[in-house]
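Worksheet: the structure to be examined is printed underneath.
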Amino acid sequence: MIAIVLGAVLAGLLVAPALRGLVVRYAVPEEQPWCLACPACGRALRGLPPTGGCPGCRTGLGPGPWRVEAVTAAAAAAALTAAHPADAVLLLWLAGPGVVLGFTDARVHRLPYPLTWTLAAGLALLLTVLELVGGSPWTLLRCLLVALVAGVLFEVPVQLGRMGPGDTVLALGLGALLGRYGWSAALAGLAASVLLAGLWSVGVLLVALVRRRPVRGREVPLGPFMLLGTLVAVLGHSG
């Protein structure tokens with residue numbers, strides 16, 4: 001357990017600068033271009049220190065200090081606790097784009113296609129290799145079916161204007177991953193996502209009421225809770 005914690009902290013310190021830079025790049029309103037350089041000094045943004053300041057002019061960018069690093073370390077630690085190495089590999093891949101998606105959705109209520117499709121494509125490739133090597137090609141069919149069901153389920157509110165299209169793509173990738181562990185895992189992931197989002201919504205509502213602030217306009221991003229619910233379901237069904 002100590003080795004897992006130390007490895008997770010090291011992963012957070014090594015990978016988080018690149019992830020923090022991606023959050024700044026993609027966490028922009030939908031009508032704006034990707035943020036490729038510091039708005040203050042024009043320096044290209046590839047990686048950012050844990051403080052979140054631009055290396056050139058120290059302007060604060062993106063999430064607060066050490067937030068991305070802490071979430072990355074926690075996600076890596078959770079992935080490394082998986083029962084089998086194959087599960088850990090899948091969850092580590094989920095953690096990379098997932099951290100960026102979570103912070104981006106939380107900041108601008110947007111799940112950009114470059115991130116959602118990268119996550120989905122990586123999961124599809126890893127699942128194909130793992131299942132073929134493991135001698136379980138029929139599991140791939142279930143992964144595909146769960147992904148399609150999840151995509152259709154999330155596409156309905158998208159067509160009604162209640163969600164963004166990025167949620168559908170994210171649901172496809174997460175559904176494929178959950179399909180590896182069975183339909184019960186898929187249901188558990190959906191239930192956990194809805195429950196976590198609901199609890200957060202209630203918390204946000206209560207805080208707004210206590211502080212006597214407007215309740216309208218406080219939309220809750222679903223992406224972080226979809227990712228967290230999937231992580232909980234996979235860890236609960238792995239092994």
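These figures come from a predicted structure and were not determined experimentally.
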Heavy-atom side-chain contact between [X] and [Y] under 4.5 Å:
X: Arg20; Y: Phe103; answer: no
X: Pro224; Y: Trp200; answer: no
X: Leu91; Y: Leu231; answer: yes
X: Thr230; Y: Phe225; answer: no
X: Val71; Y: Pro63; answer: no
X: Thr139; Y: Tyr181; answer: no
X: Pro17; Y: Leu48; answer: no
X: Leu222; Y: Phe154; answer: yes

State, to 0.1 Å, how close [X] and [Y] come at their nearest heavy-atom pair, and which atoms those are.
X: Ala186; Y: Val146; result: CB-CG1, 3.8 Å
X: Gly98; Y: Leu227; result: O-CD1, 3.3 Å
X: Thr81; Y: Ala77; result: CG2-O, 3.1 Å
X: Leu172; Y: Gly151; result: CD2-CA, 3.8 Å
X: Gly223; Y: Asp167; result: N-OD1, 4.2 Å
X: Ala40; Y: Cys57; result: CB-SG, 3.8 Å

Examine distances only and state if a side-chain atom of Arg142 and a backbone atom of Gly179 form a donor-acceptor pair shorter than 3.5 Å. yes

Under a 3.5 Å distance rule, please check whether Arg43 uses its side chain to pair with a backbone N or O of Ala37 as donor and acceptor. no

Residue among Leu177, Leu174, Leu94 satisfying side-chain contact (heavy atoms from CB on, under 4.5 Å) with Val234: Leu177

Verdict with reasoning, Arg110 to Tyr26, per side-chain contact (heavy atoms from CB on, under 4.5 Å): CA-CA 9 Å; Arg110 185 183 184 186; Tyr26 291 112; over 6 Å; no

With a 4.5 Å cut-off on side-chain heavy-atom distances among I, L, V, M, F, W and Y, is there a chain of contacts connecting [X] to [Y]?
X: Leu178; Y: Leu148; value: no
X: Met226; Y: Trp183; value: no
X: Leu196; Y: Leu153; value: yes
X: Val194; Y: Leu111; value: yes
X: Trp117; Y: Leu22; value: no

Any chance you could measure Leu127, atom CG, to Ser136, atom OG, to the nearest 0.5 Å? 12.0 Å

Rounded distance (nearest 0.5 Å) linking atom CG of Leu206 with atom CZ of Arg211: 12.0 Å

Run the side-chain contact (heavy atoms from CB on, under 4.5 Å) check on Leu45 and Cys35 step by step: do they pass? CA-CA 8 Å; Leu45 298 176; Cys35 181; 4.2 Å; yes

Could you walk me through whether Leu119 and Leu170 satisfy the side-chain contact (heavy atoms from CB on, under 4.5 Å) test, starting with their C-alpha distance in whole Å, then the side-chain angles of each, then the deciding distance to 0.1 Å, before giving a yes or no? CA-CA 8 Å; Leu119 176 62; Leu170 180 59; 3.6 Å; yes

Given side-chain contact (heavy atoms from CB on, under 4.5 Å), test Thr168 with Thr116 step by step and report yes or no. CA-CA 9 Å; Thr168 299; Thr116 52; over 6 Å; no

Using the salt bridge (Lys or Arg N to Asp or Glu O under 4.0 Å) criterion, which residues pair with Arg180? Sequence neighbours excluded. Asp87, Glu131

Show me the donor-acceptor pairs, under 3.5 Å and distance only, between side chains in residues 4-13 and residues at least two apart or in other chains.
none

More than 12 heavy atoms from other groups under 6.0 Å of CD on Glu30: no

